[in-house]
Protein chains: 4
Amino acid sequence: MQFDNSRPIYMQIMEFIKKQLARGELQPGQKIPSQREMAAELQVNPNTVQRAYREMETMGLLETLRGQGTFISNRPGLLQEIKVELAGSILKRFIVEMRSLGLSAVEIRNLVNQALDQEEEGKSCKAINPRGTCQPHW
Amino acid sequence: MQFDNSRPIYMQIMEFIKKQLARGELQPGQKIPSQREMAAELQVNPNTVQRAYREMETMGLLETLRGQGTFISNRPGLLQEIKVELAGSILKRFIVEMRSLGLSAVEIRNLVNQALDQEEEGKSCKAINPRGTCQPHW
Amino acid sequence: MQFDNSRPIYMQIMEFIKKQLARGELQPGQKIPSQREMAAELQVNPNTVQRAYREMETMGLLETLRGQGTFISNRPGLLQEIKVELAGSILKRFIVEMRSLGLSAVEIRNLVNQALDQEEEGKSCKAINPRGTCQPHW
Amino acid sequence: MQFDNSRPIYMQIMEFIKKQLARGELQPGQKIPSQREMAAELQVNPNTVQRAYREMETMGLLETLRGQGTFISNRPGLLQEIKVELAGSILKRFIVEMRSLGLSAVEIRNLVNQALDQEEEGKSCKAINPRGTCQPHW
DNA sequence: GTGGTCTAGACCACC
DNA sequence: GTGGTCTAGACCACT
């Protein structure tokens, strides 16, 4: 894994795990790599991994059992919370990037709507005409 | 600059220059660093830079004058094209990421609308009450 | 200050500050010693102090401003929360110690009631007869 | 063992031995370590240990047999006396600490009663439902 | 083996 | 000066 110098490594590790969870690659209750293993894999100091794990435990995302390992919490609603949080940060970054191109709120809204509409068309088109000439417009 | 292993470096260099252009950090007609300079700065093989420059010249984005250097094209409408292209790729990535969280088109639409509405509220709020208790709702 | 080997130092620092706050020696909004100062005073590594400060910030007890220092939060109700928390831990320890002497719940209750009653008597006694023969019974 | 700078060490040694007695770790009639041994173990001057032993002998807690060593007294009722004394000092400290948080006698009384009641509930709960959802209320 | 704490010392970002 | 992050390496407690 590659780290971005602009943000703390421990935060990137947190996000890495959250994304795995949101994508279903990690299941609630599942054991995650030990601090030492993760540190070796990411080529990072074990203390940095611990910081990430500890913060996630404080947030109720992980549960640690001394001598046994660290586990994804199986608190109900966990997955939903994480997805909402990730969606929020993706959305935020998206809007910042679009605005930096000089787009107005109305333009952003229209572009999103177009893109989603075309996605829908794409699906229905595919259903009717699997190998047809149905193409996105841009 | 950091490169992402998932895509060819020359493409990332192209995107890097396009973004500078979209943000106004580079102006049409302006000279950009020589291939050797750019290669040294990015710590990349000069051939990689050359490939990026060549493709951008093909696309009408750069113009090379033998013995003088490489310049941002002066073609009218260039900036707009680039912005549209960048907006398209940002939008595409955004929708892929949101979908990977399991969100439906309707949900994405609603989230974007909410976020943009709140941005507006934030602005008016700020105008009236610069350090007030104006907070985002989520 | 002396540290007890049985509990982590950072937790003892947290308790130290909480007690100062409960006793009114620290006021909400007040600046507390910098991490380095506190570390020098307590003869502890700055990282250990930082851990204590960070956890207290997470709990909403402190607020840190980069480049300026660390401050007692002035969130309303803060003092009350801390007092309740401290009272809980004092009470817990008290009951454990009393039980380890083999005392039953009823006996503990009676002893506490006696002690508080005598405290009251002591006060009224003192008011009537400042240098009298008013003595505790044990 | 750790010593507290606020009180004389010999008193802390006395309390240390009394607590061991109250907890049953020392039995009436049992030989305790020699002054030299105890001094070495606690890393304290032998004179300090001697002072503690002497005071406890005066109180009838210890008995010294020249050439044989120092023993816990066999006097009947000794254990009970010690427990009462320790309970008194624990109680005193408890009330001082609670008062320093600004709690009134009534409040202290209520908190103690609550805590003891919940302890009872906990026990019955445990008896019926060993791993159930029985939780303290604060 | 696991996680938890602590130190020493480095470098950074902010004010 | 302040707080924030990171490393390297130590020792401990638990299973």
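So you know, we letter chains A, B, ... as the sequences are listed, proteins then strands, and number each from 1.
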Q) What's the closest nucleotide to the C/Asn47 side chain, out of F/dT2, F/dT7, E/dG9? A) E/dG9
Q: Side chain of A/Thr64 only, please: which of F/dT7, F/dG4, E/dG3 is the nearest?
A: E/dG3
Q) Between A/Lys18 and A/Lys83, is any pair of side-chain heavy atoms under 4.5 Å apart? A) no
Q. In whole Å, what is the span from the CZ atom of A/Arg7 to the P atom of E/dA13?
A. 16 Å
**Q.** Side-chain N,O (A/Gln50) to OP1/OP2 (E/dG4) below 4.0 Å
**A.** yes
Q. Is it true that B/Glu97 and A/Arg23 have a side-chain N and a carboxylate O under 4.0 angstrom from each other?
A. no
(Q) For D/Lys19, is there an ion pair with D/Glu25 - N to carboxylate O distance below 4.0 angstrom? (A) no
(Q) Looking only at the side chain of A/Arg66 (C-beta and beyond, no hydrogens), which of the listed nucleotides F/dT7, E/dG4, F/dC6 gets closest? (A) E/dG4
Q. Should A/Thr48 be listed as having a side-chain N or O under 4.0 Å from OP1 or OP2 of F/dC6?
A. no
Q | Whether over 12 other heavy atoms sit under 6.0 Å from A/Arg93 CZ | A | yes
Q) Which of residues 26-33 of chain C sit near DNA chain F, with a heavy atom under 4.0 Å from it? A) none
Q. Reckon C/Gln43 touches a base, only the sugar-phosphate, or nothing at all at heavy-atom distances under 4.0 Å?
A. nothing
Q. In Watson-Crick or G-U wobble terms, both distances under 3.5 Å, what is the partner of E/dC14?
A. F/dG1
Q: From the options F/dT2, F/dT7, E/dT5, select the nucleotide whose nearest atom is closest to the side chain of C/Pro8.
A: E/dT5
Q. How close do A/Ala87 and B/Leu103 get, heavy atom to heavy atom, and via which atoms?
A. CB-CD1, 4.0 Å
Q.
Does C/Tyr10 reach a base, just sugar-phosphate, or nothing at all? Heavy atoms under 4.0 Å.
A. sugar-phosphate
Q. Looking at C/Thr70, does any N or O in its side chain come under 4.0 Å of the phosphate oxygens OP1/OP2 on F/dT2?
A. no
Q.
Under 4.0 Å, counting only non-hydrogen atoms across every strand here, what does A/Glu63 touch: a base, just sugar-phosphate, or nothing?
A. nothing
Q. Quick one: do A/Arg7 and A/Glu15 make a salt bridge, cutoff under 4.0 Å?
A. yes
Q. Within the distance-only criterion (no hydrogens, no angle test), does the side chain of A/Gln35 pair as donor or acceptor with the backbone N or O of A/Asn47 below 3.5 angstrom?
A. no
Q.
Rounding to an integer number of Å, can you tell me how far C/Asn45 CG sits from E/dA10 P?
A. 13 Å
**Q.** Length of the CG-C1' vector between A/Asn5 and F/dC6, whole Å
**A.** 12 Å
**Q.** Min side-chain heavy-atom separation C/Ile32-C/Phe71 under 4.5 Å
**A.** no
Q: Select base, sugar-phosphate, or nothing to describe what A/Arg51 touches, counting heavy atoms under 4.0 Å on all strands.
A: sugar-phosphate
(Q) Please report the distance, rounded to the nearest Å, between CD1 in A/Ile9 and P in F/dA8. (A) 11 Å
**Q.** Nucleotide E/dT5, atom C1' - distance to CG of C/Asp4 in whole Å
**A.** 14 Å
Q | N/O (side chain, C/Gln35) to phosphate O (OP1/OP2, F/dT2) under 4.0 Å | A | no
Q) Given E/dG4, F/dT5, F/dG4, which nucleotide is nearest the side-chain atoms of C/Arg36? A) F/dG4
